[in-house]
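Shown next, in structure tokens, is the structure this report addresses.
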Amino acid sequence: MTAILELDDQTTGFATGWNRVCAVEELELAWGEAALIAGRQVALFRTAAAEVFAVAQEDPATGAHVMARGIVGSRGTRQTIASPLHKEVYDLETGECFGTAELRLPTFRTRVVDGYVEVEL
């Protein structure tokens with residue numbers, strides 16, 4: 001699934017605020033999905049029934065837009081995503097890279113409202 005949300009006028013950059021993306025049931029557990037939200041590529045990960053994380057689709061190490069194809073896991077109680085290219089592991093909540101301190105994956109707040117995932121840009 002790829003969700004695309006468009007703005008009336010995308011010339012001003014990325015829209016800010018909450019954006020409805022998809023029904024939470026459309027996201028498989030422990031699997032990434034890409035979404036284009038107001039012109040920005042975002043990777044979504046559902047890790048529990050109503051727990052969804054959103055991060056930038058762009059891999060901080062390579063610039064490739066591949067994070068939705070990463071490997072979901074954990075480090076202790078922290079949910080993680082490993083880049084599919086170089087296997088750098090990032091905290092899904094904070095974007096911290098466990099292997100290379102200089103790298104950080106942008107993260108976005110999420111919420112589930114009336115069964116729909118919303119992402120704040």
Side-chain angles (χ1 to χ4, degrees):
M1 177 201 75
T2 300
I4 300 176
L5 303 178
E6 296 182 17
L7 291 176
D8 291 335
D9 180 9
Q10 293 187 2
T11 61
T12 59
F14 301 126
T16 57
W18 290 100
N19 297 272
R20 182 174 277 195
V21 180
C22 64
V24 70
E25 294 85 25
E26 292 179 359
L27 300 175
E28 293 183 50
L29 285 172
W31 192 261
E33 295 289 353
L36 184 61
I37 305 171
R40 180 169 205 143
Q41 292 188 41
V42 175
L44 301 172
F45 301 94
R46 182 177 173 201
T47 57
E51 181 177 53
V52 178
F53 292 94
V55 300
Q57 173 71 334
E58 184 177 357
D59 182 336
T62 65
H65 290 80
V66 296
M67 294 307 292
R69 297 298 163 240
I71 302 165
V72 176
S74 63
R75 293 266 173 109
T77 60
R78 297 168 77 178
Q79 298 288 330
T80 62
I81 182 68
S83 167
L85 297 179
H86 295 290
K87 307 303 183 247
E88 291 283 358
V89 178
Y90 300 90
D91 185 305
L92 277 170
E93 188 171 352
T94 67
E96 172 190 359
C97 180
F98 292 103
T100 306
E102 300 82 40
L103 296 177
R104 181 163 290 280
L105 181 63
T107 61
F108 306 98
R109 292 185 348 155
T110 64
R111 65 186 182 190
V112 177
V113 177
D114 296 327
Y116 287 89
V117 175
E118 294 183 353
V119 176
E120 184 180 38
L121 296 183

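Every value quoted in this text rests on a predicted model; they were computed, and no experiment measured them.
- Residues Val24 and Phe45 do not share a hydrophobic cluster, defined by chaining ILVMFWY side chains whose heavy atoms lie under 4.5 Å apart.
- Under the 4.5 Å side-chain heavy-atom criterion for Ile, Leu, Val, Met, Phe, Trp and Tyr, Ile81 and Phe108 are members of distinct hydrophobic clusters.
- Annotation: side chain of Cys97 is not in contact with side chain of Arg104 (no heavy-atom distance under 4.5 Å).
- For the side chain to side chain donor-acceptor pair (under 3.5 Å) test, residues two or more places apart in sequence or in another chain that qualify with Thr100 are Glu88.
- No side-chain heavy atom of Gln57 sits under 4.5 Å from any side-chain heavy atom of Val42.
- Counting Ile, Leu, Val, Met, Phe, Trp and Tyr side chains that sit under 4.5 Å apart, directly or through other members, Phe98 shares a hydrophobic cluster with Val89.
- In this structure, the side chain of Ser74 does not engage the main chain of Gln79 through any donor-acceptor pair within 3.5 Å.
- In this structure a side-chain-to-backbone donor-acceptor pair under 3.5 Å is present from Arg69 to Gly32.
- When the side chains of ILVMFWY residues are joined at heavy-atom separations under 4.5 Å, either directly or via intervening members, Val117 and Val72 end up in two distinct hydrophobic clusters.
- Under the 4.5 angstrom side-chain criterion for Ile, Leu, Val, Met, Phe, Trp and Tyr, the cluster partners of Leu85 are Val66.
- The CH2 atom of Trp18 sits 6.5 Å away from atom OG1 of Thr110, with the distance rounded to the nearest 0.5 Å.
- For the pair Tyr90 and Ala61, the tightest heavy-atom approach, listed with the atom from each and the gap, is OH-N, 4.1 Å.
- The side-chain heavy atoms of Glu26 and Glu33, taken from C-beta on, include no pair separated by under 4.5 Å.
- Partners of Glu58 under the side-chain contact (heavy atoms from CB on, under 4.5 Å) rule, at least two apart in sequence or in another chain, are His65.
- Remark: Glu93 engages Phe53, Asp91 in a side-chain contact (heavy atoms from CB on, under 4.5 Å) (not counting sequence neighbours).
- The side-chain contact (heavy atoms from CB on, under 4.5 Å) test applied to Thr107 returns Val55, not counting sequence neighbours.
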Q: Take Glu25 and Tyr116, measure what side-chain contact (heavy atoms from CB on, under 4.5 Å) needs, and give me the verdict at the end.
A: CA-CA 8 Å; Glu25 294 85 25; Tyr116 287 89; over 6 Å; no
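- Atoms CE and CG, from Met67 and Leu105 in turn, are 5.0 Å apart once rounded to the nearest 0.5 Å.
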